[in-house]
Structures are given as structure tokens and as C-alpha cells.
Amino acid sequence: MAEDPSVPPARGITRRALFQGAGAAAAARALLGATPAGAEEGPAATPWRTQGPGAVDVALRVNGAERTLRVEPRVTLLEALRLDLDLTGAKPVCDRSQCGACTVWLDGRTVHACSVLAVEAEGREVTTVEGLGQPGRLHPVQRAFVEEDALQCGFCTPGLVMSVAWAVAQHGPGLSEAQVRRACAGNLCRCGTYPHVLKAALKAAGQGG
Amino acid sequence: MMRLPTFAWRTPRDAGEVVRILAGEGPSAAVLAGGTDLLPNMKRRHQLPATLVSLSRVQGLREVALEGFVRLGAGVTLRALERRADLRQRLPALHHAVTQISTPVLRNMGTLGGNVCLDTRCNYYNQNYEWRRAIHFCLKCEGDTCWTAPSSSICWAVNSSDTVPVLIALDARVHLLGPAGERVLPILDLFGEDGIQYLTKRPDELLTGVEIPDQGTARSTYRKVRRRGAFDFPVAACAVRLRHEGDRVAEARIVLNAVGPRPVLCEEAGALLEGRALDDEAVEAAAQAASRRAKPLDNTDHLAMWRKQVLKVEVRRALEALRG
């Protein structure tokens, strides 16, 4: 996808000024006589923080470990996990919150990592599928996925595992079929592994996952 | 991956600071709450804000007060609302609408304010940049023609919020904080006729919360039509509030959504019911009158004609559910 599509020159503030990108943005600021945001405005100048558009330092807590990285504010949590931290379990598929392949936990709740800014995850607990379990010490949900053959091509699997593990963590051994279906409503599998995912979820819950 | 466009990121600590930043930046700033609507749209270059004003550090927007007047902060997550047993008991229609929004993952992320301010949607708009460039863009974003209605001077993108029709039926009011202070308006007045300027909220105003009056003996319900049982936006929706006095309807508020840029309050359909018993004939007349107000166009999933037909059925079912 193009980085920044060329945009027509601004014609002042119209109802479409918002959509006309940097040109209109600059024009709007000039017209309003406002201070432009960015590096030139130091933190001392205002009581609130301004960061970017250049790279900024971010301290993330991922799978229990402190990780510091330097990313632009526009970098998503998914990009930071995969490209900066080499945690490639969460998958970029639709990249627009429609498929669930990038599902991770933020403070113990499922989110789409493609629609969270890395800078917004600062101070929160990030858990990826790698943090859930590793070969040799699999999480009960991961083990149940293997035992119940709950994957085919595997692209949706890390996301589904995170959603199922969240449901198991919430509901415990009493996890119902309906609760699994609800928890996985945001995870699409085009291979159609859903029936096996359901079996794996109930098995993991029954084993006290 | 689709990269986001570049922007400066600001993290104010209270609503007043948000408003001061918005006033300074003008329309080139956008407010970031849950990010589930804005960030995917920015990836597809629907919006290119120079500054994102994050609400993640803002205190005081997550209030949920259920005594007397119900007051819900704009920053409260949809999941937090869904988990409130007292909200379910007090305002079951609103609670039900919240549970119908998208998926659990997106409800973990999204906020009430985000759902109220949800960008309008259209098959010609919710596409990636290259797709839209190939059709020379559309009126809502960078183009000159509404491809849904090419002779139209306004945009017909659809209000697809689940909470908004219920909040209108419940007679809710929204709190907007601006540089000159707060203004409170009936939530229907928050919405304009045009799918581009779909909110009457000014760019320097922040939606801080919603208040809902005591419902007394009135009862409400919400019905949503979509292709899949989860995940999808509504393609037709109705919310109804009824108050009975004895066996007669004293007041009826029937609201339609997902049939145009603005939610529709069907006053005439409501008036048809007032003073009458809610028998089959009255229900049919009101459903007929309400569906006449729906003018869906072919810019969402499902055919427009079908959406109009099914909306009449849904209004009828909503009224039947509120009998007795």
C-alpha cells in the first residue's frame, strides 16, 4: 500500500479538509494560528506529552519481560511485536480488525494487535501466544489444539488460541459451548476448523486450563 | 501490512486539556479512543489526522452511575457496560444493544463514545485506498460523486451504530465539552443529514458522556438485522420505547437506524399508537408507518428493498415484544 497518497492542494477549511491530509492539515493550522504539534514543542511547553511523528522510546511489558524499543507513534502493537521484538506468533492477515489473526492479550483481555498503537500499550501487560506456552511446556489450550487437530493451515491458530485461552481463564471448567462460540466470534478460520477448536476448548477447560 | 500514516501523538490527562488541544489543532486533529474504527480507517487513508489526541490517559471519562439519571462516561468500554448486571436490569435494551456490537475482542477495545461517534459506512467508502482511487474516489472522501446516488449533493453513508438508536429511544442526552464550556443536547440532535458531516459536534468539542433519564414504567427493546450472528454492523435496526397507561399506549418512541446517514425518529408511527391498545391492527399500522420513513439505498450488505421490507417486520416484532 502506498505510504502517503498524493493529495490535492488544500482549498481552505471545507467539510472535507479533514480528509485532505498533510496539505490541508498545515493550512488549517496556519488559518487557526495554532501551534503545530511535533518535536519543536518540548514537553516543558505544555502540561501534556506530545510525541512523534518521529520515533519515540516505548517501554513495553511483553510476556512478563520489560522490552524497550524505539518506534514511531504510528507503529501498531502488531508491527512492534513482529518486527521489533521478533514475536511473530500474532499474524498480520486483514490488518484492520476484521479477522482476529493478530489477537493478543492486553491486561489479560483479548485485543486486535493491528488496531492498538504500540505507544498506547505502554504500562500495560502484553501477552502473546509465545507467552502462553512454548514447545515442551504448552498451555493446556495449545496442547488441546494439537490433540484435537484444531488447525489446518495454522494462520488463524495463534489468534484462536488466545481467544479460547481467554474464555477458559474467564469461565474455568464450567466453560460452555455457547461461551466458546461467543469468545471466538472475532476469529475467522477459512479452513473451517471451528468444530475441532470447539472440542479443544472444552477439553482444555475440563482439564483445568 | 498496511502502515498507518504518520501523526503526532498527544496524551492529555483530562478532558479540558483534550479540548484545548483540539481547539489549537483544528480539524487536523482526531480523538483516539478504542481505535477500532479510526485506526483501520486511517490505514485505508479515510482520515489523515496530523495529530492523534489519545484518551487513554484521560481521567474521568469512564464513569458509570446508575442512580436516578443514568450517566455513562464516553470512555467506558463496551465490555465494561456488557458486564454490568445492574445496567442489564435497569436498561435492558441498551445492554442488549451493547452485546450486539461486533465481537468480544472489539468490545474489549471499543468505547461507548466511539460507538456513538462511529464513522458512517458505505460500500464505496469502506474500501482500501487503491480500490477507491480506481473509482475516482467518492463524495465522502476525496471525490466529487456519491456512487450510491450519483446525482446527490449529500453523502448517503449509513449510521451503523447499535447504541445510538436505543439511546434516542430512551431520550438520552449527550454532553459535549468545548472551549466555551459544556453543552448538553438530545442525542438525536448530535446527528446531521449528511454522511460526511454526520455529527453536529464541532471539531473542538469532545463527547464526554451520555445521560439517560429515569425510564419510569416505560419498556424498551432493540432489534438488529445483519448477515452473520456476530461481527457485522447492522444493515437495518430498530429501537422502540413504549409506556403503557392501563391497557393503552401512553407514549411510543420508534427509532430506525442503518437506513441512512441519520437515525430516524418515527414520530408519526409513535403517534398512531398513542391512546390505543396495542392490538394487531395498531401494531401493523405503526410498523407500516415506521417503515415508510426508511429510505435505505444499496450501499450496505443486503438489498435495499429487502432491508426496507424486513425493517417493517422488525418494528412489528419489537412492538409485540413490548406487549403487556
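Lettering follows sequence order; numbering is per chain, from 1. Heavy atoms only: backbone and side chains are in, while hydrogens, waters and symmetry mates are out.
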Shortest non-hydrogen contact from [X] to [Y]?
{"X": "B/L78", "Y": "B/V98", "result": "O-CG1, 3.3 Å"}
{"X": "A/D95", "Y": "A/C114", "result": "OD1-CB, 3.3 Å"}
{"X": "B/V19", "Y": "B/G178", "result": "CG1-C, 3.3 Å"}
{"X": "A/V93", "Y": "A/A101", "result": "CG2-CB, 3.3 Å"}

- prompt: If you count heavy-atom pairs under 4.5 Å with chain B, which of A/R181, A/E72, A/H112 comes out on top?
  reply: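 Among A/R181, A/E72, A/H112, the one with the most close pairs to chain B is A/H112.
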Top of A/R82, A/R109, A/R182 for chain B proximity - count of heavy-atom pairs under 4.5 angstrom: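 Most pairs with chain B among the choices: A/R109.
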query: Residues two or more places apart in sequence or in another chain: which of them pass side-chain hydrogen bond (donor to acceptor under 3.5 Å, both in side chains) with B/E193?
result: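 So B/E193 forms no side-chain hydrogen bond (donor to acceptor under 3.5 Å, both in side chains) with any residue.
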How long is the straight-line distance from [atom2] of [Y] back to [atom1] of [X], given to the nearest 0.5 Å?
{"X": "A/R61", "Y": "A/R67", "atom1": "CZ", "atom2": "CZ", "answer": "12.0 Å"}
{"X": "A/L78", "Y": "A/T76", "atom1": "CG", "atom2": "OG1", "answer": "5.0 Å"}
{"X": "B/L139", "Y": "B/T148", "atom1": "CG", "atom2": "OG1", "answer": "10.0 Å"}

message: Between B/E25 and B/R10, does any NZ, NE, NH1 or NH2 come within less than 4.0 Å of an OD or OE carboxylate oxygen?
response: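 A salt bridge links B/R10 with B/E25.
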Per-residue contact mode, A/L188 against chain B (heavy atom under 4.5 angstrom):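 Side chain of A/L188 only, per the 4.5 Å heavy-atom cut-off to chain B.
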message: If you count heavy-atom pairs within less than 4.5 Å of chain A, which of B/D14, B/L39, B/L38, B/N41 leads?
response: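 Highest number of pairs under 4.5 Å: B/L39.
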message: Using a 4.5 Å heavy-atom cutoff, which residues in residues 101-109 of chain B come close to chain A?
response: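 Within residues 101-109 of chain B, the residues that come under 4.5 Å of chain A (heavy atoms only) are B/T103, B/P104, B/V105, B/L106, B/N108, B/M109.
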message: Report which part of B/L52 has an atom under 4.5 Å of a heavy atom belonging to chain A: side chain, backbone, both, or neither.
response: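 Interface part for B/L52: side chain.
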query: So which part of B/F7 gets closer than 4.5 Å to some heavy atom of chain A, the side chain, the backbone, both or neither?
result: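 Contact with chain A: backbone and side chain both.
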message: Using only non-hydrogen atoms and a strict under-4.5 angstrom cutoff, which residues of residues 117-128 of chain A touch chain B?
response: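 Answer by number: A/L117, A/V119, A/E120, A/E122.
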query: Should we count CZ of B/R88 as having more than 12 external heavy atoms under 6.0 Å?
result: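 At most 12 heavy atoms, drawn from other residues, nucleotides or ligands, come within 6.0 Å of this atom.
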message: Counting C-beta onward and ignoring hydrogens, is there a side-chain heavy-atom pair between B/Q100 and B/R226 closer than 4.5 Å?
response: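 In contact.
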Please output the side-chain donor-acceptor pairs of residues 151-167 of chain A that fall under 3.5 Å, not counting sequence neighbours, one pair per line with the distance.
unit_1	atom_1	unit_2	atom_2	d
A/T157	OG1	A/G154	O	3.3
A/S163	OG	A/N187	OD1	2.7
A/W166	NE1	A/G108	O	3.3

